[in-house]
Asker: 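Let me begin by handing over the structure; questions about it come next.
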Amino acid sequence: MAGSDSEPVKTRFGILGCADIARKLSRAIQLTPNATLDAIGSRSITKAQSFAQSNGFPPTTRLYGSYDAVLDDPEVDAVYIPLPTSLHIKWAVAAARKGKHVLVEKPAALNVAELDVIIGACDECGVQFMDGTMWMHHPRTLLMDQFLRDAQRFGHLKSIQVHFSFVADDDFLENDIRVKPDLDALGALGDVGWYCIRASLFAANYQLPKTVTALKNPVKNNAGVILSCGASLLWEDGTVGTFHCSFLSHLTMDISAVGTNGTLHVNDFVVPFEEKSASFSTMSDGWFTDMDLEWTKKPTEHIVNTDLPQEARMVKEFSSLVNGIKRLGLSPEKKWPTLTRKTQLVIDAVVASIDRGFEPVEVY
């Protein structure tokens, strides 16, 4: 039934699995005006019931003791997949073949070969694909993008540095799926490094670097999973970038982009300090006073308010795309799988550089 202006058509979501991140997305779905939380499936019905109760799911949410049951539910339009990365290819492809639109947690796949299978299935079945990089959907990101593309205020990008880290406790380092080679073999690179790479590409207007070189001495656990690493990126035009991602360093989420005419800084790009307000700072044409005693100006702080948190805005955007496909006959939006694939290509290049003794690896 078509919705009125006051009651928008809602995309009906199912969730595969009860991962901790699913708590955040289930809340986001319930906050979003054009989405509903219709079903969740776990490997046991008891776990699904417990998860639904502890997270305040609507009483109308259907609870299943398998993932297949969610995919077989004809009332589910789209699925959110927060499963371990090693399971993404199986369940994303299965969802697409059941006609379900796919919102998958990052990293989207273990490598670009697996990702191409997922995107190929979504293309073949005419369903929307999007990964769960939430900060892309914050209104702050659009304003930062406008500054970075401004030839007068920012100029041409010359360098980009990105850092995302947090100190994981002993239980995390021993038991979390992100340190298990059979579940999330990319470790910190796939988890926090994904955000660093996406931010680097964002600053470069999504142009892929020519080469990627992993920095020496990444930290791995006894199973060979990366706990901390970094890489340098070199673009064809000479733009340079570096990023560092780690489970072993203090909580930091920084972007520094330097252009020929201006600079952009942000200190909470993945998760804003405050849910409904975020900021970034810029400076253009900075210089010194006489005798270089001080700067001629201070950075400008831009504060961006939002009525919905970024994860809900992601759900809202995804739901709008699903509605366009289902009810207006539109084609799936190619922007999102394209950005996912570019991010995955750089992930692959970092892995290859480490494996080759920290040699530069071409990205194509």
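Note that the structure is predicted; figures quoted are calculated from it, not measured.
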Asker: Any salt bridge linking R97 with E124? Criterion: basic side-chain nitrogen under 4.0 Å from a carboxylate oxygen.
Answerer: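 Looking at R97 and E124, the cut-off is not met.
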Asker: So, F202 versus W135, ring centres under 6.0 angstrom or not?
Answerer: yes
Asker: If you measure from the Lys or Arg side-chain nitrogens to the Asp or Glu carboxylate oxygens, is any gap between R140 and D268 under 4.0 Å?
Answerer: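 The answer is yes: the pair qualifies as a salt bridge.
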Asker: Are K180 and D184 close enough for a salt bridge, meaning some N to O gap below 4.0 Å?
Answerer: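 A salt bridge is absent here (no side-chain N lies under 4.0 Å from a carboxylate O).
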Asker: Taking side chain as C-beta onward, heavy atoms only, is K316 less than 4.5 Å from L308?
Answerer: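 The answer is yes, as the side chains (C-beta and beyond) meet within the 4.5 Å cut-off.
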Asker: Would D73 and R62 pass as an ion pair if we require N to O under 4.0 Å?
Answerer: yes
Asker: Can the ring centres of F247 and F172 be said to be less than 6.0 Å apart?
Answerer: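 Judged by ring-centre distance (under 6.0 Å), F247 and F172 do meet the cut-off.
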Asker: One thing to verify: whether R341 and D116 come together as a salt bridge, which I'm taking to mean a side-chain N less than 4.0 angstrom from a carboxylate O.
Answerer: yes
Asker: Do the side chains of K10 and D38 get close enough for a salt bridge, i.e. N-O under 4.0 angstrom?
Answerer: no
Asker: Between R27 and E311, is there a side-chain heavy-atom distance shorter than 4.5 Å?
Answerer: yes
Asker: Return the minimal non-hydrogen interatomic distance between F273 and N267, and the atom names on each side.
Answerer: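 Minimum heavy-atom contact is CZ-O, 3.6 Å.
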Asker: Would the W91 and Y67 ring centres measure less than 6.0 Å apart?
Answerer: yes
Asker: Could you walk me through whether D68 and K98 pass the salt bridge (Lys or Arg N to Asp or Glu O under 4.0 Å) test, one step at a time?
Answerer: CA-CA 10 Å; D68 282 309; K98 291 286 187 175; over 6 Å; no
Asker: Does any part of the side chain of V76, heavy atoms only, come nearer than 4.5 Å to the side chain of R12, both counted from C-beta?
Answerer: no
Asker: In terms of the angle between their ring planes, are F164 and Y195 parallel, tilted or perpendicular, with boundaries placed at 30° and 60°?
Answerer: perpendicular
